[in-house]
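A note on names: the letters A, B, ... follow the listed sequences, proteins ahead of strands, and every chain is numbered from 1.
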Number of protein chains: 2
Amino acid sequence: MKKINIVIADDEELFRKGIRFLLEREPNFNIIYEVENGKKLIDYISKTEEFPDIILMDLKMPEINGVEATKVIHKTHPDIKIIALTSFGSKSFITNMIDVGASSYLLKDTTPKMVIHTINEVSEKGFYYDEKVLTIIHENIISSSGKRIKSDLDKKLLSKREIDVLELICAQHTTTEIAEKLFISPRTVEGHRNNLLLKTQSKNVAGLVIYGIQKKLIEITPDFNL
Amino acid sequence: MKKINIVIADDEELFRKGIRFLLEREPNFNIIYEVENGKKLIDYISKTEEFPDIILMDLKMPEINGVEATKVIHKTHPDIKIIALTSFGSKSFITNMIDVGASSYLLKDTTPKMVIHTINEVSEKGFYYDEKVLTIIHENIISSSGKRIKSDLDKKLLSKREIDVLELICAQHTTTEIAEKLFISPRTVEGHRNNLLLKTQSKNVAGLVIYGIQKKLIEITPDFNL
DNA sequence: ATTAAACTAGGTATAAACACCTGATTTTCA
DNA sequence: TGAAAATCAGGTGTTTATACCTAGTTTAAT
């Protein structure tokens with residue numbers, strides 16, 4: 001029987017070891033490598049002589065994340081099938097991963113059986129999506145037909161001034177305060193804020209703060225408990 | 001040899017299964033139960049006849065999280081040793097867990113060996129902290145000596161209801177919307193929000209959102225650029 | 001040189017947030 | 001059982017944020 005060569009990419013050692021033991025119980029699986037970030041994974045793939053058939057790829061990894069790593073590896077080695085295995089289940093992540101070349105998407109809240117099944121299916125047929133993910137993809141196809149505007153808005157990057165204002169909003173300043181700091185009229189600040197709300201599709205400042213932190217436009221200290 | 005009875009509490013099935021296989025290789029470990037949230041864990045502990053010696057507790061769980069579950073279980077069953085096993089490594093979380101009764105704190109980015117070692121140590125001596133965590137605790141003791149005022153304010157933990165409100169504020173809901181969702185008067189929500197502003201020393205919702213994210217009371221999915 | 005975008009700023013309104021009160025239940029815990 | 005904390009909710013008023021407009025000036029790029 002031809003064994004399936006597998007690489008595991010995840011930043012949590014415990015998770016790697018755990019899933020490794022799970023998969024090693026399958027006689028036709030062969031775990032050939034474990035790696036804790038995307039950079040090392042790309043390095044490994046570019047140098048190895050023994051290419052994996054499957055990469056189990058976490059999204060959240062230091063240095064280079066799973067999406068970037070998938071993009072690179074899929075371009076240079078399209079034969080290697082990549083299965084996203086992560087705890088993030090939002091539409092954007094799933095479609096994003098599939099866009100950049102993932103052959104499957106599994107939520108960590110799945111069963112060992114499903115992981116094994118997915119690996120076998122991807123190995124045989126080249127792709128596999130479970131029901132949850134299929135539903136999400138389906139919804140996305142439907143909604144993407146009528147809502148080009150939304151993604152267009154996403155593409156519109158924030159201007160310098162808007163970022164200035166966003167930073168000050170996140171620093172808990174009011175419109176008047178921001179106006180004083182930037183030497184402009186409060187009305188202008190309001191204008192910028194309204195544009196920010198539009199561009200980030202937020203409802204209020206709470207949304208802006210979350211956007212800023214997500215996009216790392218704003219730095220927050222992980223812990224300020226003195 | 002007396003076996004150590006272990007319960008695993010984590011919302012990710014894959015992680016539970018993985019660590020279960022890792023631990024089952026140890027002859028003196030006996031995994032007696034797996035559970036995916038704090039509510040079910042508390043239920044189980046209150047009904048079972050076979051008490052665990054050790055609970056491996058994740059912090060991020062639906063329904064009732066690891067901190068709350070630890071608080072309850074430590075109070076009702078102080079003999080059960082609880083080991084926090086999570087990916088959150090911030091000071092506040094560590095000290096918080098120890099405050100509510102955790103006997104140890106492990107980051108998921110650790111080795112299987114360390115988990116096994118920790119379980120054995122906790123089982124024998126009642127507690128165990130690795131170097132990383134000890135350093136953090138130490139830093140915390142040092143800094144807390146001179147800054148009583150601040151830490152007193154920090155000690156004022158948010159109440160359940162306040163956390164409910166904070167979550168909804170971070171989800172960009174208005175006072176009226178929150179009131180409807182929680183089936184209380186908008187005035188009450190305002191009261192909670194004002195208490196939140198006081199307790200977190202914030203100026204406005206921006207500060208609340210940042211606080212929620214810092215303390216990981218709110219989950220935000222990181223952004224993996226498009 | 002022309003055009004698009006960014007930056008600026010004003011008018012007019014309403015909705016929401018924030019401040020500072022008070023006080024009545026209920027829960028929790030020593 | 002008694003005190004403290006949490007939860008609920010109301011009054012009154014000010015400040016900010018948000019919505020929907022218009023429109024002039026500057027800046028950057030083709």
(request) Taking all heavy atoms of A:His74 and all of A:Val100, pick out the closest pair and write down the distance. (result) CB-O, 3.6 Å
(message) Which heavy atom of B:Glu12 sits nearest to which heavy atom of B:Asp10, and what is that distance?
(response)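 For B:Glu12 and B:Asp10, the tightest heavy-atom pair comes out as N-OD1, 2.9 Å.
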Expressed in angstrom and rounded to an integer, what is the separation of [X] atom [atom1] from [N] atom [atom2]?
X        : N      : atom1 : atom2 : result
A:His173 : D:dA17 : NE2   : P     : 12 Å
A:Ile178 : D:dT16 : CD1   : P     : 11 Å
A:Leu166 : C:dA6  : CG    : C1'   : 17 Å
A:Leu196 : D:dT18 : CG    : P     : 11 Å
A:Leu198 : D:dC21 : CG    : P     : 12 Å
B:Leu158 : D:dA5  : CG    : P     : 16 Å
B:Asn195 : C:dC21 : CG    : P     : 14 Å
B:Ile169 : C:dC18 : CD1   : C1'   : 12 Å

Which one, [options], comes nearest to the side chain of [X]?
X        : options                : answer
B:Lys160 : C:dA16, D:dT7, D:dT16  : D:dT7
A:Asn194 : C:dA16, C:dC18, D:dT18 : D:dT18
B:Arg161 : D:dT7, D:dT18, D:dA17  : D:dT7
A:Ile184 : C:dA9, C:dC7, D:dG11   : C:dA9
B:Asn204 : C:dG10, C:dC18, D:dA9  : C:dC18
B:His192 : C:dC7, D:dC8, C:dG11   : D:dC8
A:Lys199 : D:dT18, C:dA6, C:dC7   : C:dA6

(message) Closer than 3.5 angstrom, by distance alone: can the side chain of B:Ser104 be matched with the main-chain N or O of B:Tyr128 as a donor-acceptor pair?
(response)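 Looks like yes, one N/O pair under 3.5 Å.
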(message) Could you check, using the six-membered ring where one of them is a Trp, whether B:Tyr33 and B:Tyr44 have ring centers closer than 6.0 angstrom?
(response) yes
Do any side-chain nitrogens or oxygens of [X] fall under 4.0 Å of OP1 or OP2 in [N]?
X        : N      : answer
B:Ser185 : D:dG10 : yes
B:Arg193 : C:dC18 : yes
B:Ser159 : D:dA5  : no
B:Thr188 : D:dA9  : yes

(request) Using the closest heavy atom to pick a nucleotide of DNA chain D for each, name whichever of B:Leu182 or B:Glu190 lands nearer the 5' end. (result)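 Residue closer to the 5' terminus by nearest nucleotide: B:Leu182.
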(message) Quick check on DNA chain D: between A:Leu197 and A:Glu177, whose nearest nucleotide comes earlier from the 5' end?
(response) A:Glu177
(message) Looking at B:Arg187 and D:dT12, is any side-chain donor or acceptor paired with a base atom of the opposite kind under 3.5 Å?
(response) yes
(message) Within a 6.0 Å radius of atom NZ on A:Lys40, are there more than 12 heavy atoms belonging to other residues, nucleotides or ligands?
(response)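 Incorrect, the count does not exceed 12.
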(message) I want to confirm an ordering. Mapping B:Ser202 and A:Gly191 to their closest nucleotides on DNA chain C, which one lands closer to the 5' end?
(response) A:Gly191
(message) A cation-pi test, strictly: NZ or CZ of B:Lys108 under 6.0 Å from the centre of the six-membered ring of A:Phe15 and no more than 45 degrees from its axis. Yes or no?
(response) no
